[in-house]
Amino acid sequence: MLSKKMETAICKQIQEELFSSYLYLSMSAYFSNMGLDGFANWMSVQEKEERDHAMKFYNYLLSQGAEIKLFQINEPDHKWKSPLDAFKATLKHEQHITKCINGLVDLAEKEKDRATFNFLQWYIDEQVEEEENDRNIIDKLTLIKENSNGLFMLDKDLAQRVYTPLIPAV
Ligand code: OFO
């Protein structure tokens with residue numbers, strides 16, 4: 001059984017994950033409107049993954065018989081100066097999410113909540129991967145600068161990303 005504090009903290013994390021989804025949906029639209037369909041695809045996959053992250057927390061709360069309170073989701077930005085600017089914002093956001101996950105881990109440790117501590121390990125690994133992905137794309141965009149050929153090639157590359165559902169139909 002979860003403490004009330006942990007229950008609320010995880011509900012807040014659901015809000016964070018759904019905001020992430022909303023932010024990446026907004027970025028997907030931004031890239032679509034620029035004609036960068038590969039970038040838009042990458043963000044669209046990311047948007048779905050974030051919903052899965054939220055649902056993984058949601059299902060965990062249900063499995064623990066916890067109460068679920070859904071908090072309000074803020075409006076994300078909808079304009080960025082450039083693809084590089086958007087990916088820098090993505091990395092910054094993921095670094096914030098990593099801090100949130102670390103905060104949950106700290107709470108689980110403090111409360112000696114072994115089940116939640118164990119459950120959170122998946123998110124720790126996931127954050128390492130997400131930050132690395134963003135850094136890779138930022139590195140490429142930095143190399144490309146204003147070169148439209150380079151941007152076109154990267155767009156083709158990002159078009160390859162495929163969504164694999166984390167949780168079978170929830
Ligand atoms: Fe982008 O990360 Fe969720 O957890």
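We're numbering straight along the sequence, starting at 1. The figures here come from the full heavy-atom set of this structure, side chains too, leaving out hydrogens, waters and symmetry mates.
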For this session: Identify the two heavy atoms, one from D52 and one from T164, that lie closest to each other, and give their separation to 0.1 Å.
Result: OD2-O, 4.4 Å
Exercise. Hey, quick one: are L25 and L91 part of the same hydrophobic cluster, counting side-chain heavy atoms closer than 4.5 Å, chains of contacts allowed?
Worked result: no
Exercise. Under the side chain to side chain donor-acceptor pair (under 3.5 Å) test, which residues partner Q13, sequence neighbours left out?
Worked result: E17
Seminar exercise, completed: Value for CH2 (W122) from CG (L166), rounded to nearest 0.5 Å, stands at 4.5 Å
Exercise. Partners of T90 by side chain to side chain donor-acceptor pair (under 3.5 Å), sequence neighbours excluded?
Worked result: none
For this session: Hey, could you give me the NZ/CD1 distance between K92 and I97, rounded to the nearest 0.5 Å?
Result: 13.0 Å
Exercise. So does K56 have more than 12 non-hydrogen atoms from other groups sitting under 6.0 Å from NZ?
Worked result: yes
For this session: Evaluate side-chain contact (heavy atoms from CB on, under 4.5 Å) for E129 paired with N133, printing each intermediate quantity in order.
Result: CA-CA 6 Å; E129 196 186 308; N133 289 342; 4.3 Å; yes
Seminar exercise, completed: ring-ring contact (aromatic ring centres under 6.0 Å, His included) filter on Y123, not counting sequence neighbours, yields F57, F119
Exercise. Can you find a side-chain donor-acceptor pair between H96 and E16 that sits under 3.5 Å?
Worked result: yes
For this session: Look at the side chain of Q121 and the backbone N and O of F117, then say whether any donor-acceptor pair between them is shorter than 3.5 Å.
Result: yes
Problem set entry | C11 to F71 - nearest heavy-atom pair and separation | CB-CE1, 3.6 Å
For this session: Quick one: list whatever passes ring-ring contact (aromatic ring centres under 6.0 Å, His included) with F39, sequence neighbours left out.
Result: F31
Exercise. Under the salt bridge (Lys or Arg N to Asp or Glu O under 4.0 Å) rule, what pairs show up with a residue in residues 132-153, not counting sequence neighbours?
Worked result: E131-R135
Problem set entry | Taking every non-hydrogen atom, the tightest pair across F19 and I73 | CA-CG2, 3.8 Å
Exercise. Can you list every side chain to side chain donor-acceptor pair (under 3.5 Å) pair that touches residues 36-48, not counting sequence neighbours?
Worked result: S21-E47, S44-K48, Q46-E50, Q46-E130, Q46-R161, E47-R51
Exercise. What residue pairs, at least two apart or across chains, pass side chain to side chain donor-acceptor pair (under 3.5 Å) with a residue in residues 104-116?
Worked result: S3-E111, Y60-T116, D113-T116
Seminar exercise, completed: The side chain to side chain donor-acceptor pair (under 3.5 Å) partners of H78 (sequence neighbours excluded) come to none
Seminar exercise, completed: For L23 and H93, the nearest pair of non-hydrogen atoms, with its separation, is CD2-CG, 3.8 Å
Problem set entry | For the student: nearest non-hydrogen atoms of P83 and Y30, plus distance | N-OH, 3.8 Å
For this session: Search all heavy atoms of E126 against all heavy atoms of E49 and return the closest pair with its distance.
Result: OE2-OE1, 3.9 Å
Seminar exercise, completed: dist L61:CG -> I14:CD1 (nearest 0.5 Å) comes out at 5.0 Å
Exercise. Could you state the interatomic distance from CG (L154) to CD1 (I144), rounded to the nearest 0.5 Å?
Worked result: 4.5 Å
Seminar exercise, completed: Apart from Y163 itself, members of its ILVMFWY cluster (side-chain separation under 4.5 Å) are V45
Exercise. Does one hydrophobic cluster hold both V128 and V105, with members joined at side-chain heavy-atom distances below 4.5 Å?
Worked result: no
For this session: Could you grab the distance from atom CG of D155 to atom CG of L36, nearest 0.5 Å is fine?
Result: 5.0 Å
For this session: May I ask you to list the residues sharing a hydrophobic cluster with F152, side-chain cutoff 4.5 Å, ordered by chain and number?
Result: none
Problem set entry | Gap separating the CG atom of L104 from the CD1 atom of I124, nearest 0.5 angstrom | 9.5 Å
Problem set entry | Sequence neighbours excluded - salt bridge (Lys or Arg N to Asp or Glu O under 4.0 Å) pairs with any residue from residues 63-84 | K4-E67
For this session: Could you tell me which residues satisfy side chain to side chain donor-acceptor pair (under 3.5 Å) with Q127, sequence neighbours excluded, listed by chain and number?
Result: E94, T98
For this session: Ignoring hydrogens and angles, tell me if any N or O in the side chain of S28 forms a donor-acceptor pair with the backbone of Y24 under 3.5 Å.
Result: no
